[in-house]
*Asks:* 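Submitted below is the structure of interest, expressed as structure tokens.
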Amino acid sequence: MPQAAAVAEPTTATPGSDFAPLLRSARDQGLLERRTGRYVLGIAANLLALAAVVAGLVLVGDSWWALALALPLTVLWARTAFVGHDAGHAQITGDRRVSLVISLVHSNLLLGMNQAWWNDKHVRHHANPNHIDKDPDVGVGALVWTRKQAEQREGFARWLTRNQARLFFPMLLLEGIALKISGFQYLRRQPVRARVAEGSLLVVHLVGYFAFLLAVMSPGKAAVFALVHHALFGLHLGMAFAPNHKGMEMPDPDGERWGHLRRQVVTSRNVRGGLLTDWFLGGLNYQIEHHLFPSMARPNLRLVQPLVRAHCEEQGLPYTETGLIDSYRQALTHMHDVGAPLRADGTGRSDRGWPA
């Protein structure tokens, strides 16, 4: 069976480090203890809700009204993705095998996303967030995150970079499909045993997903439903992850290596809000706390926040927190500024404002 790749915060800290007192305070208050019972209830509720949507699709049948159920299915798929994310971080249980099973069921089977691909990418991101050479989330792809990356773009990619802020949300509509493709591509890098186990679940998901749609609606409606569903899913996940780091400080690859506290705090942004925001963003709105304590149970992130904020103030570290809409504005502003040199006219002036 493939091994889970969990991301855990340091259980010990170098004596005298600026993270040690915070770690000690969190442990003394019991905030590093897992909330397995809470997760069991949440997982059960999510699975029952998924079953209800599936039943709804059967009842609606071959009707365009079925498209209305793509939205609740999208929201519940995002909850499913958040469970897979938390299992990969060992937040639900300390048993690696149980965590792996939860990841495989929620990611590979229910979503068609390769959990091994996600965890490999996510582990590297957590180790060095916003590090241009080490964080895959700020590597060159469809989007770029620094002006140096932008300067190297050619052809269509150059046009894309010039307009990437405007195109960001539309491009997220493709992310749901891209996640599946990346997962299948990653199978080639996995050991044979893991490739067979995880690949089989990905195939079962795809066959089951389309077989079900074709059983309850015509091929045309099934195709439209699948496209709308995956477009909304990609948009939802992108809206949950985009506010977290984009536009935040990026460490100098050739500069001093930061300690755990600074490396995680100054590169992350929190999104303030109530229970609805917590639910919609899957707890990732407490991004600073999550990066400092990756294996901390999601319900405890809100509880540790006052400790983290006070400790950052004592250490003279900026603790960034903003509203949801403003977090998107900041991220889009950064993407727009990255493409500014490519929009320069003959005088050397560039369009830096966002929106233009």
Side-chain angles (χ1 to χ4, degrees), residues 81 112-114 116-189 226-228 230-255 267-269 327-356:
M113 291 171 50
N114 189 335
W117 164 76
W118 170 258
N119 279 332
D120 173 72
K121 176 174 175 286
H122 206 52
V123 164
R124 289 183 284 135
H125 160 69
H126 266 264
N128 292 282
N130 268 12
H131 192 294
I132 200 65
D133 293 335
K134 299 179 180 180
D135 182 358
D137 287 355
V138 291
V140 175
L143 305 172
V144 296
W145 310 104
T146 70
R147 291 192 173 188
K148 183 177 180 180
Q149 291 175 333
E151 291 168 356
Q152 299 169 359
R153 305 285 262 184
E154 298 291 342
F156 175 73
R158 190 175 182 87
W159 175 87
L160 189 65
T161 298
R162 286 202 302 266
N163 300 282
Q164 63 179 6
R166 295 180 177 88
L167 296 174
F168 177 68
F169 284 110
M171 289 173 66
L172 288 180
L173 298 174
L174 302 174
E175 186 65 14
I177 296 175
L179 291 171
K180 282 181 164 58
I181 294 174
S182 296
F184 272 102
Q185 291 174 335
Y186 188 80
L187 289 173
R188 293 174 295 184
R189 298 176 53 186
L227 289 174
V228 170
H230 281 79
L232 292 176
F233 179 58
L235 180 63
H236 188 356
L237 283 189
M239 291 177 69
F241 285 93
N244 300 338
H245 302 280
K246 303 304 180 274
M248 295 302 297
E249 193 164 343
M250 303 181 75
D252 181 356
D254 300 319
T267 59
S268 303
R269 177 193 296 112
S327 71
Y328 296 135
R329 183 193 63 78
Q330 292 182 34
L332 292 173
T333 297
H334 174 72
M335 285 187 277
H336 190 71
D337 185 63
V338 165
L342 305 189
R343 296 188 299 273
D345 60 23
T347 66
R349 294 190 300 269
S350 61
D351 167 25
R352 295 194 178 198
W354 172 260

*Asks:* Do the side chains of Lys246 and Asp137 get close enough for a salt bridge, i.e. N-O under 4.0 angstrom?
*Replies:* no
*Asks:* Find out whether Trp117 and Arg189 are in side-chain contact, i.e. whether some heavy atom of one side chain is under 4.5 Å from a heavy atom of the other.
*Replies:* no
*Asks:* So do Glu175 and Leu237 actually touch side chain to side chain, heavy atoms under 4.5 Å?
*Replies:* no
*Asks:* Can you name the nearest heavy-atom pair linking Ser268 to Met248, along with the distance?
*Replies:* O-CE, 3.3 Å
*Asks:* Does Arg147 pair with Asp337 as a salt bridge, N-O distance under 4.0 Å?
*Replies:* yes
*Asks:* Mind checking the CZ-CE spacing from Phe233 to Met113? Nearest 0.5 Å is all I need.
*Replies:* 5.5 Å
*Asks:* Distance check, rounded to the nearest 0.5 Å: Gln152 atom CD versus Arg158 atom CZ?
*Replies:* 11.0 Å
*Asks:* Can you name the closest pair of heavy atoms from Asn114 and Gly183 and give their distance?
*Replies:* ND2-O, 3.0 Å
*Asks:* Ignoring hydrogens and geometry, is there a side-chain-to-backbone donor-acceptor pair from Gln164 to Met335 under 3.5 Å?
*Replies:* yes
*Asks:* Are the side chains of Leu160 and Arg153 in touch, meaning some heavy atoms are under 4.5 Å apart?
*Replies:* yes
*Asks:* Do Arg343 and His336 come within less than 4.5 Å of each other through their side chains, counting heavy atoms only?
*Replies:* yes
*Asks:* Taking all atoms of both residues into account, what is the closest heavy-atom pair of His245 and Thr267, and its distance?
*Replies:* ND1-O, 2.8 Å
*Asks:* Could I get the full list of side chain to side chain contact (heavy atoms under 4.5 Å, CB included) partners for Gln149, not counting sequence neighbours?
*Replies:* Ile132, Val140, Val144, Trp145, Thr146
*Asks:* Between OH of Tyr186 and CG of Asn119, what distance do you get to the nearest 0.5 Å?
*Replies:* 9.0 Å
*Asks:* Can you give me the closest heavy-atom contact between Asn130 and Asp135, atom names plus distance?
*Replies:* N-OD2, 2.7 Å
*Asks:* Is the ring pair His122/Trp118 parallel, tilted or perpendicular, if the boundaries are 30 and 60 degrees?
*Replies:* parallel
*Asks:* Working to the nearest 0.5 angstrom, can you tell me the gap between Ser182 OG and Leu187 CG?
*Replies:* 11.0 Å
*Asks:* What closest approach, in Å, do Met171 and Ala142 show between heavy atoms, and which atom pair accounts for it?
*Replies:* CE-CB, 3.5 Å
*Asks:* Should His334 and Gln330 count as side-chain neighbours, where that means a heavy-atom distance under 4.5 Å?
*Replies:* no
*Asks:* So does Ala242 get a backbone contact from the side chain of Tyr328, meaning a donor-acceptor N/O pair under 3.5 Å?
*Replies:* no
*Asks:* Can you see which heavy atom on Val338 is nearest to which on Pro341, and at what distance?
*Replies:* O-CD, 3.4 Å
*Asks:* Tell me, do Trp159 and Leu167 make a side-chain contact under 4.5 Å, heavy atoms counted?
*Replies:* yes
